[in-house]
Amino acid sequence: MANRRKFIAGLGALATGSAAAMGTGAFTSVSADRDITVDTAGDASAFLQFTRAEEDGGVTPNAQEYVTLPTDGAFAIDLTDTNESAGTGETGGSGVNKDAVTIFDNLVDVTNNGTQEVNIGVDLSTEPSELGIYAEDVQGTDDDLGGGFAVRNYPEDPNWDHTLGVGETLENIGVYVTDPSAISGETTYTVTIIAERVGGNRD
């Protein structure tokens, strides 16, 4: 959502008679230093806000189990053997099934806290073939199990599946593992989530 903005700084009147003495308002050059303050925020409180998925007024079990979301950092999804939900004396699982498609839904919600409508999705070129990211409430294609959260052909000719209005939340973003046989042990993947102003940036 990076947008270029013009900053206009006013110096005020130097002397009421100075303009008349000079004859015009023309000048050869001006060099003036100005302060611009930029603050960073973790995913939980940024303009594009990521939170654990909620349902019926509380965090979903999957989000509680698999989503790490520090207040001052980036969210992460860990599908290894966390097993926090396993009861005392019970043995939990330690990985996804081989030769099967495993879906983890209701993990993350994303909210547009900016002031402009944005197109949003996962850059398909960064999504590994072994797994994918999807959003339950978005119409999609067979490429993303009907989840409609992918951005195809970015940035040359992006094909967006979803637009997020100001203050709107895209709920129940999840992960599916389609090719576990291609995963060797514990593996970390990084995908790129893009939010771009509708109509693109304007110079």
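What's counted below: heavy atoms across the whole structure, side chains too, no hydrogens, waters or symmetry copies.
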Donor-acceptor contact present, side-chain N112 to main-chain G165, <3.5 Å: yes
Y134 and Y176 aromatic ring geometry - parallel, tilted or perpendicular at 30°/60° bounds: tilted
T187: side-chain hydrogen bond (donor to acceptor under 3.5 Å, both in side chains) partners, not counting sequence neighbours: none
Ring pair (Phe, Tyr, Trp, His ring centres under 6.0 Å) partners of residues 110-132, not counting sequence neighbours, each pair once: none
Fellow cluster residues of V59, listed by chain then number, with links counted only when side-chain atoms sit under 4.5 Å apart: none
Partners passing side-chain hydrogen bond (donor to acceptor under 3.5 Å, both in side chains) against D109 (at least two apart in sequence or in another chain): none
Residues in side-chain hydrogen bond (donor to acceptor under 3.5 Å, both in side chains) contact with T169, at least two apart in sequence or another chain: T111
Please report, to 0.1 Å, the donor-acceptor pairs under 3.5 Å made by any side chain of residues 42-53, with sequence neighbours excluded.
from	atom 1	to	atom 2	distance (Å)
D43	OD2	F75	N	2.8
Q49	OE1	N113	ND2	3.3
Q49	NE2	A44	O	2.8
R52	NE	A63	O	3.4
R52	NE	V67	O	3.1
R52	NH2	V67	O	2.8

Main-chain N/O of T192 paired with T126 side-chain donor or acceptor, under 3.5 Å: yes
Any donor-acceptor N/O pair, E127 side chain to L124 backbone, under 3.5 Å: no
Separation between CD of E54 and CG of N172, rounded to the nearest 0.5 Å: 10.5 Å
Heavy-atom closest contact (E55 atom, T60 atom, distance): CB-CG2, 3.7 Å
Whether N62 side chain and D105 backbone form a donor-acceptor pair below 3.5 Å: yes
Approximate separation, where rounding is to 0.5 Å, of I77 CD1 and L107 CG: 5.0 Å
The single option from N159, D123, D161 passing side-chain hydrogen bond (donor to acceptor under 3.5 Å, both in side chains) against R152: D161
